[in-house]
Amino acid sequence: MIRSIRLGLAFCLSMASLALLPPASTSALAAEASARSMELPAPDKTGGMPLMQALAQRRSTKSGFNGAPLPAQQLSDLLWAAWGVNREDGRRTAPSAMNKQEVQVFVALDNGVWRYEPRHSLTMVLEGDWRAKLGGGSLVLLYAAPTASRWSGMHVGSIYQNVGLFCASAGLGGFVHASNSSALDGTLPLPEGWSVLIVQSVGSLKK
Ligand SMILES: Cc1cc2nc3c(=O)[nH]c(=O)nc-3n(C[C@H](O)[C@H](O)[C@H](O)COP(=O)(O)O)c2cc1C
């Protein structure tokens, strides 16, 4: 008798504690499980503005973003321009010392921070909307590399210039900023000795 009362009490307590869980956390976990990786559409490697015009248009735009997410195709094209594989041997749109490719590009979207993979897909590394903490924009790119390497700044600079030219060509705004680069320190899964060196906000602009 006493045993069955104890069991009943334990059951009630466990149901009560379940009821205390916010419903959002369950749905967030379900979303997390199904959205851990995301295929991107194949990049469109045709078209765009002639290079000399893009160079003439390249500039930092620090305000006037309308906050709208980029269409999937434009996100795909932007990431490929940044650090995509552009040859069959796996080399990239930006050069790297001894082709070691010691840079990881992350993109903060409205639903999380994602790592851009060489096979042109995204892997979620952090849930939530971190864009405002990272300086704002439709998205924010984070460039991580070995902190102490003499090459890291050069590598990252090549990549953000690719993005700057892509933005000029696509009529997007954006700017590079060091000020928010430590906002996610300790939360990204980086190799030992790596850090985010700089971030780059990108956004479509108010008409
Ligand atoms: C390495 C680097 C760090 C930067 N850091 C910041 C920053 O922390 N905040 C900011 O508002 N702009 C930052 N900028 C953007 C510069 O202010 C901008 O590039 C400069 O004014 C020249 O303007 P332009 O890019 O339109 O030619 C940075 C640019 C670079 C290349």
Side-chain angles (χ1 to χ4, degrees), residues 47-70 74-75 77-84 86 92-110 112-116 125-126 128-188 190-207:
M49 192 180 267
L51 177 62
M52 295 306 271
Q53 282 178 35
L55 284 164
Q57 293 294 327
R58 205 270 338 144
R59 67 206 60 217
S60 299
T61 313
K62 302 184 182 182
S63 58
F65 301 118
N66 66 19
L70 301 192
Q74 198 168 44
L75 174 66
D77 296 350
L78 180 148
L79 289 167
W80 181 80
W83 189 224
N86 70 354
R92 308 271 190 126
T93 53
S96 65
M98 293 165 281
N99 189 34
K100 285 201 172 168
Q101 306 189 357
E102 286 189 316
V103 178
Q104 288 183 3
V105 175
F106 296 86
V107 58
L109 301 176
D110 59 351
V113 179
W114 302 75
R115 185 176 56 232
Y116 178 58
V125 295
L126 198 58
D129 187 354
W130 296 90
R131 294 172 300 170
K133 266 194 181 276
L134 290 163
S138 300
L139 60 85
V140 185
L141 295 159
L142 298 92
Y143 301 117
T147 316
S149 166
R150 62 189 289 219
W151 308 116
S152 291
M154 302 177 205
H155 294 154
V156 163
S158 304
I159 297 172
Y160 69 57
Q161 180 71 350
N162 283 356
V163 172
L165 290 172
F166 176 86
C167 289
S169 168
L172 295 168
F175 71 113
V176 169
H177 44 112
S179 29
N180 301 298
S181 55
S182 56
L184 298 185
D185 271 5
T187 56
L188 292 180
L190 295 177
E192 187 69 29
W194 286 44
S195 59
V196 172
L197 301 189
I198 199 154
V199 303
Q200 185 170 27
S201 292
V202 171
S204 44
L205 296 169
K206 289 179 191 151
K207 295 265 182 259

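When a ligand or atom number is given, it counts from 1 through the structure's own listing order.
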Indicate yes or no for a side-chain donor-acceptor contact from Ser201 to the backbone of Phe175 under 3.5 Å, with no hydrogens or angles considered.
no

Heavy-atom protein contact below 4.0 Å for atom 22 (C) of ligand 1
no

Quick one: which ligand 1 atoms are inside 4.0 Å of a heavy atom on Arg58?
24 (P), 25 (O), 27 (O)

Would you compute the distance between atom CD of Gln161 and atom CZ of Arg58 and round it to the nearest 0.5 angstrom?
5.5 Å

Between the side chains of Asn66 and Ser204, does any donor sit under 3.5 Å from an acceptor?
yes

In ligand 1, the atoms that come under 4.0 Å of a heavy atom of Arg59 are 26 (O)

Protein heavy atom at shortest distance from atom 8 (O) of ligand 1:
Ser179 OG, 3.0 Å

Tell me if a side-chain donor or acceptor on Asn162 pairs with a main-chain N or O of Thr93 at a distance below 3.5 Å.
yes

How many angstroms lie between atom CZ of Phe166 and atom CG of Asp77, to the nearest 0.5 angstrom?
5.0 Å

Quick one: does any side-chain atom of Ser152 pair with a main-chain N or O of Thr147 as donor and acceptor, under 3.5 Å?
no

For atom 5 (N) of ligand 1, find the nearest protein heavy atom and state the residue, atom name and distance (0.1 Å precision).
Ala178 N, 3.2 Å

Nearest-option assignment for atom 15 (C) of ligand 1, heavy atoms, candidates Val176, Ile198, Leu197
Val176

Has Trp80 got more than 12 heavy atoms of other residues, nucleotides or ligands less than 6.0 Å from its CH2?
yes

What protein heavy atom sits nearest atom 20 (C) of ligand 1, and how far off is it?
Ser60 OG, 4.6 Å

Provide, to 0.1 Å, the distance between atom 7 (C) of ligand 1 and the closest protein heavy atom, together with that atom's residue and name.
His177 CB, 3.4 Å

Protein residue, atom and distance nearest to atom 31 (C) of ligand 1, heavy-atom basis
Tyr160 OH, 3.3 Å

Among protein heavy atoms, which lies nearest atom 10 (C) of ligand 1, and at what distance?
Lys62 NZ, 3.5 Å

